[in-house]
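Written out below as structure tokens is the structure these notes cover.
In what follows, chains are A, B, ... by sequence order, proteins preceding strands, each numbered from 1. Values in this document were obtained by computation on a predicted structure and should not be read as measured data.
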Number of protein chains: 2
Amino acid sequence: MTMENNELRKAGLKVTLPRVKILQMLDQADQRHMSAEDVYKSLMEAGEDVGLATVYRVLTQFEAAGLVERHNFDGGHAVFELADSGHHDHMVDVDSGEVIEFCDPEIERRQREIVKEHGFELVDHNLVLYIRKPKKKD
Amino acid sequence: MTMENNELRKAGLKVTLPRVKILQMLDQADQRHMSAEDVYKSLMEAGEDVGLATVYRVLTQFEAAGLVERHNFDGGHAVFELADSGHHDHMVDVDSGEVIEFCDPEIERRQREIVKEHGFELVDHNLVLYIRKPKKKD
DNA sequence: ATGAATGCAAAAACTTTGCATGACG
DNA sequence: CGTCATGCAAAGTTTTTGCATTCAT
């Protein structure tokens, strides 16, 4: 029994071919953050015949099951990433598009403090730092 | 000459009725964060006949001119806010949709530190805390 | 007057849904 | 085998675009 099957069972999801293939794709693809369209096209290129609607449905189920995280970066379309490693935030190089992951305990702690000071509890958060390599002249 | 006209001129935008009305609406509306649809409906209710396409176009121009900021909170549609006050981040109540603005110097400072440690400079950032009123039982 | 801005409608981009068929347990 | 998942196509949302007309300078 494969790794993916176990993940799906643990999540309470029936082990179907599309689900396994999508999970594998998220795990193996070069890019860690993929849109539904990205996943769909990658599957097609790999010769896997999965409908785009199924990709959307499965990704949504994966999100509900905690297997993936959905991010709403700038640009109108959602991207998904495997929730295998722990929590982290993102830096995006505005020139190259490169994405760097990081996690800073100080910021995380301060976020919870701020929310608490306002009488709320923190459900989730989204932090993206847009960065660039320093240039001598701009 | 009104305040709005000056803003538009400074931004290098021709002073047209739709632009003035949209800018006024963003300034006067009860909600500080409005979607294009919000702005459009408010204008209609106010008896101002502006096309939805124009609202989108004008808001995009305003963003390019630095008059407004566009935010991609969760939920598929962008919201815009007047860029009149200084920088701040946002808390969004996931139950009510209420938006609270805040600015925390400690987080701001730490962001710059982290970026610097990675050999980059900070161009911009986007922080949204998704929050909820605590409940005794969930 | 002349070039830019607008309104409308059509289209594009992204995502969800209905329903008949097919696959998992 | 019964039920849930899938595929396809159609519809829903949000946003953009083409084009004739109107408006600002």
Side-chain angles (χ1 to χ4, degrees), chain A residues 1-2 4-25 33-44 47-65 67-80, chain B residues 1-2 4-25 33-44 46-65 67-80 97:
Chain A
M1 167 176 308
T2 74
E4 282 79 17
N5 291 13
N6 258 325
E7 295 292 331
L8 290 172
R9 277 189 225 289
K10 279 197 298 181
L13 293 170
K14 196 183 280 187
V15 178
T16 65
L17 204 56
R19 285 180 183 158
V20 173
K21 291 301 176 189
I22 292 171
L23 200 48
Q24 287 180 345
M25 188 55 68
H33 304 83
M34 305 181 79
S35 68
E37 194 77 32
D38 289 337
V39 173
Y40 173 70
K41 281 191 288 194
S42 300
L43 287 171
M44 297 309 267
E48 303 293 345
D49 209 341
V50 176
L52 177 57
T54 299
V55 173
Y56 274 104
R57 270 187 296 233
V58 168
L59 287 174
T60 301
Q61 293 159 351
F62 283 2
E63 184 195 14
L67 289 177
V68 308
E69 282 182 14
R70 180 196 303 253
H71 299 290
N72 293 291
F73 295 159
D74 288 1
H77 63 287
V79 296
F80 299 82
Chain B
M1 170 175 303
T2 75
E4 281 79 17
N5 291 13
N6 257 325
E7 295 291 330
L8 290 173
R9 277 189 224 287
K10 278 196 299 182
L13 293 171
K14 196 181 281 187
V15 177
T16 66
L17 205 55
R19 285 179 182 159
V20 173
K21 292 301 176 190
I22 291 171
L23 199 48
Q24 287 180 344
M25 188 56 68
H33 303 81
M34 305 180 78
S35 68
E37 193 77 31
D38 290 337
V39 173
Y40 173 71
K41 281 191 289 193
S42 301
L43 287 171
M44 296 310 265
E48 303 293 345
D49 209 345
V50 176
L52 178 56
T54 299
V55 173
Y56 274 103
R57 272 188 293 232
V58 168
L59 286 174
T60 301
Q61 293 161 350
F62 283 2
E63 184 195 12
L67 289 177
V68 307
E69 284 183 12
R70 179 195 303 251
H71 299 292
N72 292 290
F73 297 157
D74 285 4
H77 63 285
V79 296
F80 299 82

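- For Val50(A) against Met44(A), the heavy-atom pair with the smallest separation is O-SD, 4.1 Å.
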### Task
Check step by step if side chain to side chain contact (heavy atoms under 4.5 Å, CB included) holds for Asn5(B) and Thr2(B).
CA-CA 5 Å; Asn5(B) 291 13; Thr2(B) 75; 3.1 Å; yes
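- For the atom pair CD of Gln24(B) and OG of Ser42(B), the computed distance is 13.0 Å after rounding to the nearest 0.5 Å.
- Contacts classified as salt bridge (charged side-chain N to carboxylate O under 4.0 Å, His left out) and involving residues 52-65 of chain B (residues at least two apart or in different chains) are given here: Glu63(B)-Arg70(B).
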#### Entry: Protein-to-nucleotide contact annotation, 5' to 3' order, nucleotides 20-25 of chain D [B base; S sugar-phosphate only; - none; under 4.0 Å, heavy atom]
----SS
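- Atom-to-atom, CD of Glu37(B) to P of dG12(D) comes out at 15 Å; the value is rounded to the nearest Å.
- To the nearest 0.5 Å, the span separating CD on Gln61(B) from CG on Leu13(B) amounts to 6.0 Å.
- The residue Ala78(A) sits close only to the backbone: its heavy atoms come under 4.0 Å of sugar-phosphate atoms, none of a base.
- Residues Asn72(B) and Asn72(A) have side chains that never bring a donor and an acceptor to within less than 3.5 angstrom of each other.
- The 5' end of DNA chain D is approached more closely, in terms of each residue's nearest nucleotide, by Val50(A) than by the other of Val50(A) and Gly76(B).
- Helix-axis bend for the helix from dA1(C)-dT25(D) to dG25(C)-dC1(D): the local axis fitted to the five terminal pairs at one end deviates from that at the other end by 40°, rounded to 10°.
- The two atoms that bring Ala36(A) and Leu59(A) nearest to each other are CA-CD1, 3.8 Å, heavy atoms only.
- Applying a 4.0 Å cut-off to non-hydrogen atoms, the residues of residues 56-64 of chain B that approach DNA chain C are Arg57(B), Val58(B), listed by residue number.
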### Task
Please report the C-alpha distance between Met34(B) and Val79(B) in whole Å, then the side-chain angles of each, then the deciding distance to 0.1 Å, and finally whether the side chain to side chain contact (heavy atoms under 4.5 Å, CB included) criterion is met.
CA-CA 5 Å; Met34(B) 305 180 78; Val79(B) 296; over 6 Å; no
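- Rounded to whole Å, atom P of dT6(D) lies 10 Å from atom CG of Leu8(A).
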### Message
Phe62(A) vs Ile22(A), test: side chain to side chain contact (heavy atoms under 4.5 Å, CB included). Steps then yes/no.
### Response
CA-CA 10 Å; Phe62(A) 283 2; Ile22(A) 292 171; 4.1 Å; yes
### Task
Give the C-alpha distance, both sets of side-chain angles, the deciding distance and a yes or no for side chain to side chain contact (heavy atoms under 4.5 Å, CB included) between Leu8(A) and Leu67(A).
CA-CA 9 Å; Leu8(A) 290 172; Leu67(A) 289 177; 4.2 Å; yes
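- Both Arg19(B) and Leu52(A) sit near DNA chain C, but only Arg19(B) has its closest nucleotide nearer the 5' end.
- Nucleotides of DNA chain C lying under 4.0 Å from heavy atoms of chain A occupy a range whose first and last members, 5' to 3', are dC14(C) to dG25(C).
- Checked against salt bridge (Lys or Arg N to Asp or Glu O under 4.0 Å), Glu48(B) has the following partners two or more places apart in sequence or in another chain: Lys21(B).
- Where Asp49(A) and Asn72(B) meet DNA chain D, the nucleotide closest to each residue was compared, and Asp49(A) sits on the side nearer the 5' end.
- Between the Arg19(B) side chain and the Lys14(B) main chain, a donor and an acceptor come within less than 3.5 Å of each other.
- One distance of note links CZ of Phe73(B) with OG of Ser35(B); it measures 12.0 Å at 0.5 Å rounding.
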